[in-house]
*Asks:* 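My structure is below; once you've seen it, I'll send some questions.
FYI, the numbering just counts along the sequence from 1.
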Amino acid sequence: MGEKEKMTETGRFIAHIDSEGNEQSVKEHLMGTAKKAGEFAAGFGCEEMGYHCGLMHDIGKYSDAFQRRIRNPEKYGKIDHSTAGAKETNPLEGMVIAGHHSGLMDGGNGMSAFAGDGTYFGRMKADIPDYSCWKEDLAELLKNDYRMKLPDYVGNSGFSSAFFMRMLYSCLVDADYLDTEGFMDRGKAESRSGYDTFETLIEKFDEYTDAWLHPPGSVKPLYQCRTKILRECMEKGKRLPKGLYTLTVPTGGGKTTASMGFALRHVEAHKSMKRIIYVIPYTSIIDQTAETFSSIFGRNNVVEHHSGVQLDLDENDCEPWQIRNVLATENWDAPVIVTTAVQFFESLFANKSSKCRKLHNLCNSVIVFDEAQTLPVPYLKPCIAAIAQLVSNYGATAVLCTATQPALESYFKEYIPGLELKEICGSCTEEEALVFERVTIRNLGIITKTQLEERLNRYDQVLCVVNRKATAQELYHRLEGEGSYCLTTLIYPADRKKKIAEIKQRLKDGKSCKVISTSLIEAGVDLDFPAVYREEEGLDSLIQAAGRCNREGKRPKGSSEVFSFSLEEESNPRMELSRGALRETLRKYEKVNGSEAIAFYFRYYRELLGQENLDEKGILKIWDQKENFFPFATVARLFKLIENDTRTIYIPADDTVKEYLQRVESGHADRAIYRKLQQYGISLPEYQFQKMMDQGLVREIAKGIYELDDMRNYDSKTGLQMDVETGIGIFFD
């Protein structure tokens with residue numbers, strides 16, 4: 001009896017087969033996916049449309065060709081099962097369904113497209129296997145009309161329509177993955193929802209901040225100001241409506257805790273809100289903030305998500321081992337998410353399922369942009385437009401949190417007419433403002449590395465922040481005495497945490513402690529040095545570095561010095577505009593960390609840059625081009641905050657990490673394993689990664705997942721050993 005006869009005899013159309021031979025029918029999978037997709041889309045008022053996409057997405061699996069393929073993948077070749085559902089619905093849903101494996105594609109041109117050209121209209125002209133049995137099997141469900149009127153904001157512009165389609169795509173992809181994972185793991189995937197309630201998280205936060213709010217005795221003015229800021233943020237969180245806000249807190253004012261206090265009370269006041277997302281500017285400091293929140297709320301309630309590995313499920317992956325690793329990709333369903341600006345914004349402009357599946361969880365969330373002045377300037381307008389969509393149409397509240405507000409109100413007004421960008425924290429009194437003036441900033445001008453080396457070696461405790469990993473490593477080797485540290489992104493996160501803990505202890509004990517670091521130490525790292533040196537980059541970076549000097553206000557301002565300098569041997573054309581704006585600000589203002597100087601710096605910098613360079617790739621204009629209907633793939637290629645693609649290499653630091661990597665290699669890793677592995681990953685630009693591959697230093701252990709093959713190539717002092725001279729730090733002007 002042939003394969004077709006066997007299928008007809010059982011009367012069962014199969015969607016998936018697990019490693020034990022258990023079968024999930026197509027109808028079961030479609031109904032499960034539709035239910036979840038509808039629930040997700042309900043977050044922005046489109047439950048019926050989400051349900052319909054879920055119901056239609058895999059009807060191509062009703063073809064005899066697919067049924068032969070899933071029963072015997074080694075014998076039968078690839079089968080297109082995604083196009084069928086797209087052919088049975090409108091272009092908006094069609095693009096979402098057609099790309100649920102391969103990714104949202106360019107729409108192309110309906111007149112000139114041809115089968116096989118990689119566009120949506122090309123897919124619609126392709127011949128695919130007969131799948132007509134779907135109507136009979138789903139007849140009962142098809143009695144309902146799942147079509148609905150689109151939200152009013154869809155159609156206001158090409159950008160708003162594309163944003164909506166990507167949100168709907170996210171609902172479908174996440175639902176598809178979760179339903180498949182639930183079948184493959186026999187229901188264990190439901191543990192994804194095993195988080196504490198926000199009521200419990202608020203209790204934990206209140207317990208953590210009780211000592212702040214109710215100190216046992218008299219406290220210093222600095223701590224009084226921090227307490228006042230925290231109280232005001234918590235109170236405003238209760239009273240303010242959903243919207244767009246700034247939170248301007250001087251460095252050392254406890255803004256991380258204060259912003260979380262606002263977010264928690266805001267979620268409590270607005271019952272529809274589901275999570276808090278904290279966006280960190282640098283991939284290198286995410287672990288510090290995540291560690292703080294984990295200590296407050298418990299590690300199980302906090303997801304730390306780096307850029308890391310992205311895996312997509314090919315529509316012809318049928319074997320359980322092919323599917324399992326992909327299903328474990330992150331979907332941001334935890335109550336507290338800590339992620340990077342790269343991960344956040346590139347996901348909002350992505351087209352692949354692995355990056356987009358989490359986007360629907362941005363709806364009805366409080367999104368805190370830590371160090372908002374670091375929003376990537378060449379993509380500033382697209383980023384602002386995306387934030388505006390989330391606030392205007394998807395129930396989110398956004399908080400721009402920084403000590404140096406970059407004056408973005410005029411840009412937001414382009415996308416949210418009538419917007420009033422409100423400050424959460426009232427202005428400090430003149431007396432309170434003086435409390436935060438704990439350092440004296442001096443400009444050294446141009447010096448040599450030898451002169452810098454001589455200066456640094458005069459101190460027992462000093463921090464020096466430079467712009468390049470190569471410079472950091474070179475200066476580290478010039479330091480004299482014990483207690484010297486080098487901190488760069490070539491050190492895996494768990495190792496950085498260990499080193500930073502050692503640094504904190506040495507500073508506390510008054511021991512010698514000299515640190516050379518890249519910008520990773522400037523935010524989210526609570527350190528207190530008597531002197532800080534900062535290589536020129538921008539005013540915001542200088543002020544952030546100054547926040548690591550006399551942080552607790554225990555030393556006189558006059559003897560707590562922060563030095564800005566430029567290295568004679570170094571040049572970086574990418575930074576010339578921000579450096580020029582910094583120099584002009586230093587020339588014009590004596591108090592460069594005041595609000596007037598900060599506002600001048602950002603205005604001057606953008607004038608130097610030019611308005612046309614705030615959307616360098618023309619992302620916003622692309623959506624309204626008629627010759628390419630919704631060019632999702634094109635935009636995803638253009639929107640790269642880090643111009644060079646990166647690859648993650650995992651460091652097998654100990655037996656526990658080796659066991660995690662072995663589980664990945666055997667196809668038995670789950671999402672918990674990937675979350676733990678983030679602490680042992682180092683991201684490299686593609687060309688550096690390829691160089692290591694060519695030298696046989698890296699081994700691929702699963703599709704797109706790599707480990708360092710020999711730990712002798714990882715130095716305990718300076719990290720991954722490679723040609724750092726060509727390295728690119730992950731930070732933005």
*Asks:* Looking only at side-chain N and O atoms, does Arg647 offer a donor or acceptor that is under 3.5 Å from a partner on Tyr706?
*Replies:*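 Side chains of Tyr706 and Arg647: pair found under 3.5 Å.
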*Asks:* His360: what forms a ring pair (Phe, Tyr, Trp, His ring centres under 6.0 Å) with it, not counting sequence neighbours?
*Replies:*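 Result, ring pair (Phe, Tyr, Trp, His ring centres under 6.0 Å) vs His360: Phe40.
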*Asks:* Compute the ring centroids of Phe349 and Tyr379, then answer whether they are less than 6.0 Å apart.
*Replies:* no
*Asks:* Any Lys/Arg nitrogen of Arg231 or Glu235 sitting under 4.0 Å from an Asp/Glu carboxylate oxygen of the other?
*Replies:* no
*Asks:* Are Val267 and Leu201 side-chain neighbours, meaning at least one heavy-atom pair lies under 4.5 Å?
*Replies:*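 Counting from C-beta outward, Val267 and Leu201 never come under 4.5 Å.
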*Asks:* Do you know the tightest heavy-atom contact between Asn301 and Ala334?
*Replies:*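 Heavy-atom minimum between the residues: O-CB, 4.1 Å.
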*Asks:* Roughly how far apart are Thr397 OG1 and Ile276 CD1, rounded to 0.5 Å?
*Replies:*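 Rounded to the nearest 0.5 Å, the OG1-CD1 separation comes out at 11.0 Å.
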*Asks:* Working to the nearest 0.5 angstrom, can you tell me the gap between Glu268 CD and Glu199 CD?
*Replies:*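 Output value for this atom pair is 7.5 Å.
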*Asks:* Could Lys497 and Glu502 be called an ion pair, given the rule that one side-chain N must be under 4.0 Å from one carboxylate O?
*Replies:*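 No salt bridge links Lys497 with Glu502.
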*Asks:* Show the nearest heavy-atom pair for residues Thr289 and Ile280, with the distance to one decimal.
*Replies:*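 Closest heavy-atom pair between Thr289 and Ile280: OG1-CD1, 3.5 Å.
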*Asks:* Verify the distance criterion only: is there a donor paired with an acceptor across the side chains of Asn364 and His270 at less than 3.5 Å?
*Replies:* no
*Asks:* Kindly write out the residues that satisfy ring pair (Phe, Tyr, Trp, His ring centres under 6.0 Å) with Tyr714, not counting sequence neighbours, or none if the list is empty.
*Replies:*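 Per chain and number, Tyr714 pairs via ring pair (Phe, Tyr, Trp, His ring centres under 6.0 Å) with Tyr492.
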*Asks:* Can you tell me if Ser272 and Lys242 form a side-chain donor-acceptor pair at under 3.5 Å?
*Replies:* yes
*Asks:* Using 30° and 60° as the class limits, which term best fits the ring planes of Phe262 and His266: parallel, tilted or perpendicular?
*Replies:*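 Phe262 vs His266 ring planes: parallel.
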*Asks:* Please work out which of the three classes, parallel, tilted or perpendicular, describes the rings of Phe293 and Tyr278, given edges at 30° and 60°.
*Replies:*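 Because their plane-to-plane angle is over 60°, the rings of Tyr278 and Phe293 count as perpendicular.
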*Asks:* Indicate whether the side chain of His29 and that of His57 have a donor and an acceptor atom separated by less than 3.5 Å.
*Replies:*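 Side-chain D/A pair, His29 to His57: present.
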*Asks:* Identify the two heavy atoms, one from Leu661 and one from Leu677, that lie closest to each other, and give their separation to 0.1 Å.
*Replies:* CD2-CD2, 3.9 Å
*Asks:* How many angstroms lie between atom SG of Cys53 and atom CG of Asp176, to the nearest 0.5 angstrom?
*Replies:* 12.0 Å
*Asks:* How far does OG of Ser365 sit from CZ of Arg275, to the nearest 0.5 angstrom?
*Replies:* 5.0 Å
*Asks:* Measure the spacing between CZ of Phe205 and CZ of Arg265 and express it to the nearest 0.5 Å.
*Replies:*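 It is 7.0 Å, given to the nearest 0.5 Å.
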*Asks:* Does the side chain of Ser347 pick up a donor-acceptor pair with the side chain of Gln343 at under 3.5 Å?
*Replies:*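 Yes, because at least one side-chain N or O of Ser347 sits under 3.5 Å from a partner of the opposite role on Gln343.
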*Asks:* Any idea which heavy atoms bring Leu720 and Ile651 closest together, and the distance?
*Replies:*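 Result for this residue pair: CD1-CD1, 4.4 Å.
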*Asks:* Quick one about His16 and Asn22 (side-chain donor to acceptor, distance below 3.5 Å, no hydrogens or angles considered), yes or no?
*Replies:* no
*Asks:* Enter the distance from Arg226:CZ to Lys255:NZ here, rounded to the nearest 0.5 Å.
*Replies:*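 Interatomic distance, Arg226 CZ to Lys255 NZ, rounded to 0.5 Å: 12.0 Å.
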*Asks:* Salt bridge or not for Glu39 and Lys35, using N-O below 4.0 Å?
*Replies:*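 Counted as a salt bridge, because a side-chain N and a carboxylate O are separated by less than 4.0 Å.
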*Asks:* Decide yes or no for Leu362 and Trp332: does some side-chain heavy atom of the first lie under 4.5 Å from some side-chain heavy atom of the second?
*Replies:*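 Yes - at least one pair of side-chain heavy atoms lies under 4.5 Å apart.
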*Asks:* Would you check if there is a donor-acceptor pair between the side chains of Asn351 and Tyr169 at a distance under 3.5 Å?
*Replies:* no
